[in-house]
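Read the structure below first, then the notes.
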Amino acid sequence: MPPSFRATPDTTVSHESDRLFAKPLAQPQDFVFNEDVVRVFPDMIKRSVPGYPTIVENIGVLAAQFAQPNTHLYDLGCSLGAVTQALRRHVRADNCQVIAVDNSAAMVERCREYLHGQDSMFQELLPVEVVEADILKLQFQPTSLVALNFTLQFIPREQRPALLANIRQALVPGGALILSEKLRFEDEQEQDLLTDLHIAFKRANGYSELEIAQKRSAIENVMKPDSLETHRQRLLDAGFTKVLPWFQCLNFASLIALP
Ligand SMILES: Nc1ncnc2c1ncn2[C@@H]1O[C@H](C[S@+](CC[C@H]([NH3+])C(=O)[O-])CC(=O)[O-])[C@@H](O)[C@H]1O
Ligand SMILES: O=C(O)C(=O)Cc1ccccc1
């Protein structure tokens, strides 16, 4: 493997560890993707989402199978561009362009630094445009690969069907949507067990009980997970013909939806 491909994965490594919820907070506030979160984000998501590094890398591998020449590839809710970087490591289709979109100005600013930094260091990378926008307002270009990697859960539930229908309309034959989400379980006992196991995962990654509790209260009004069955039915209703789960670790899963 040429050195350029060994070097790229490290560009999102933040050396700051996530202590955002370590001290007791006087006023519980809703979670926002601001500068403080941006600074610790790679550490936060890796220690909070079981399977995250595997999912990101393999979105690149899967994308390489679906990417069609002369189309756009979308990384929706790109944060710091981890998925876009995986696309750059794996996709070899001709004349593809990545559109990475996020509505957090702080995320977009750092994401541009990382990705444009790669542009200046390495040749022959997939071209990337990083756009600060609401993914609900995008006009999609013909696309062969759309990644919603832990983003749909932050979209108000009533807006999710229209977003998925827009994506479905823009997908070319042979393309795919890759949708990763935290799952909710309809069975109360399953939900409680998976929640406990996820807390154990966070604890094993160095989070204290206080950090876990404060993060949960910050995120609960903002992030609304659905069940696998709800996802499957909503994707079919949006016009997708097949929904294939390809990864699950505890209550975090990733699906391939085919047009
Ligand atoms: N309406 C919206 N429009 C655009 N962006 C949005 C919107 N709502 C939320 N976001 C953005 O969606 C991202 C969700 S994080 C995705 C991780 C990334 N995909 C990764 O693979 O590292 C998931 C998490 O933090 O759990 C944030 O950057 C939000 O600003
Ligand atoms: O599900 C959770 O409890 C999380 O912490 C997921 C998460 C990870 C990173 C940012 C926001 C939510």
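Remember, it's 1-based here, ligands and their atoms both numbered in the order they're listed. Only a predicted model underlies this, so the values are computations on that prediction, with no experimental measurement involved.
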Which atoms of ligand 2 have any heavy atom of [X] under 4.0 Å away?
X	answer
M223	1 (O), 12 (C)
H198	1 (O), 2 (C), 3 (O)
K182	1 (O), 2 (C), 3 (O)
S48	5 (O), 8 (C)

Would you compute the distance between atom [atom1] of [X] and atom [atom2] of [Y] and round it to the nearest 0.5 angstrom?
X	Y	atom1	atom2	answer
F252	F201	CZ	CZ	8.0 Å
N103	E132	CG	CD	8.0 Å
I219	K182	CD1	NZ	8.0 Å

| Can any side-chain N or O of S104 pair as donor or acceptor with the backbone N or O of F33 at less than 3.5 Å? | yes
| field | D102 (side chain) donor-acceptor with C78 (main chain) under 3.5 angstrom | value |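 At least one qualifying donor-acceptor pair exists.
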Any carboxylate oxygen within less than 4.0 angstrom of a Lys/Arg side-chain nitrogen, looking at [X] and [Y]?
X	Y	result
K202	E211	no
D36	R39	yes
D119	R88	yes
E57	R89	yes

| task | Using a 4.5 Å cut-off on heavy atoms from C-beta on, say whether the side chain of V61 contacts that of I59. | result | no
| field | L183 vs Q248 side-chain heavy atoms within contact, under 4.5 Å | value |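 The answer is yes, as the side chains (C-beta and beyond) meet within the 4.5 Å cut-off.
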For ligand 1, which atoms, with element, lie under 4.0 Å from some heavy atom of [X]?
X	value
T151	12 (O), 16 (C)
F33	14 (C), 25 (O), 27 (C), 29 (C), 30 (O)
V83	21 (O)
D134	1 (N), 2 (C), 3 (N)
G77	5 (N), 11 (C), 12 (O), 13 (C), 16 (C), 17 (C), 18 (C), 19 (N)
S104	30 (O)
A133	3 (N), 4 (C)

Got the closest protein heavy atom to [atom], with its distance?
atom	answer
atom 22 (O) of ligand 1	Y52 OH, 2.6 Å
atom 24 (C) of ligand 1	F154 CE1, 3.6 Å
atom 14 (C) of ligand 1	F150 O, 3.5 Å
atom 2 (C) of ligand 1	N103 ND2, 3.3 Å
atom 11 (C) of ligand 2	I219 CD1, 3.6 Å
atom 30 (O) of ligand 1	D102 OD1, 2.6 Å

With a cut-off of 3.5 Å and sequence neighbours excluded, list every side-chain donor-acceptor pair involving residues 160-168.
{"from": "R160", "atom 1": "NE", "to": "L152", "atom 2": "O", "distance (Å)": "3.2"}
{"from": "R160", "atom 1": "NE", "to": "I155", "atom 2": "O", "distance (Å)": "2.7"}
{"from": "R160", "atom 1": "NH1", "to": "K224", "atom 2": "O", "distance (Å)": "3.0"}
{"from": "R160", "atom 1": "NH1", "to": "D226", "atom 2": "OD2", "distance (Å)": "2.8"}
{"from": "R160", "atom 1": "NH2", "to": "Q153", "atom 2": "O", "distance (Å)": "3.2"}
{"from": "R160", "atom 1": "NH2", "to": "I155", "atom 2": "O", "distance (Å)": "2.9"}
{"from": "R160", "atom 1": "NH2", "to": "K224", "atom 2": "O", "distance (Å)": "3.0"}
{"from": "R168", "atom 1": "NE", "to": "G239", "atom 2": "O", "distance (Å)": "2.9"}

Which option out of [options] puts a heavy atom nearest to [atom]?
atom	options	value
atom 16 (C) of ligand 1	S79, P42, A147	S79
atom 3 (O) of ligand 2	R47, K202, Q153	K202
atom 7 (C) of ligand 2	M44, R216, K215	K215

| field | ligand 2 contact on V37 by region, counting heavy-atom pairs under 4.0 Å | value | neither
| said: Below 4.0 Å, non-hydrogen atoms only: which portion of F252 touches ligand 2? Side chain, backbone, both or neither. | reply: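 For F252, the contact with ligand 2 is made by the side chain alone.
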| Are the aromatic ring centres of H72 and F140 under 6.0 angstrom apart? | no
| In chain order, what residues pass the salt bridge (charged side-chain N to carboxylate O under 4.0 Å, His left out) check against R112, with sequence neighbours excluded? | none
| field | Heavy atom of I155, distance to ligand 1 below 4.0 Å | value | yes
| said: Test your reading of the structure: does N149 have an N or O sitting under 3.5 Å from an N or O of ligand 1? | reply: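 Yes - when backbone and side-chain N and O of N149 are compared with those of ligand 1, one distance drops under 3.5 Å.
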| query | Polar-atom distance check: I135 versus ligand 1, any N or O pair below 3.5 Å? | reply | yes
| message | Would you say D187 and Q191 are linked by a side-chain donor-acceptor pair, where the criterion is simply a distance under 3.5 Å? | response | no
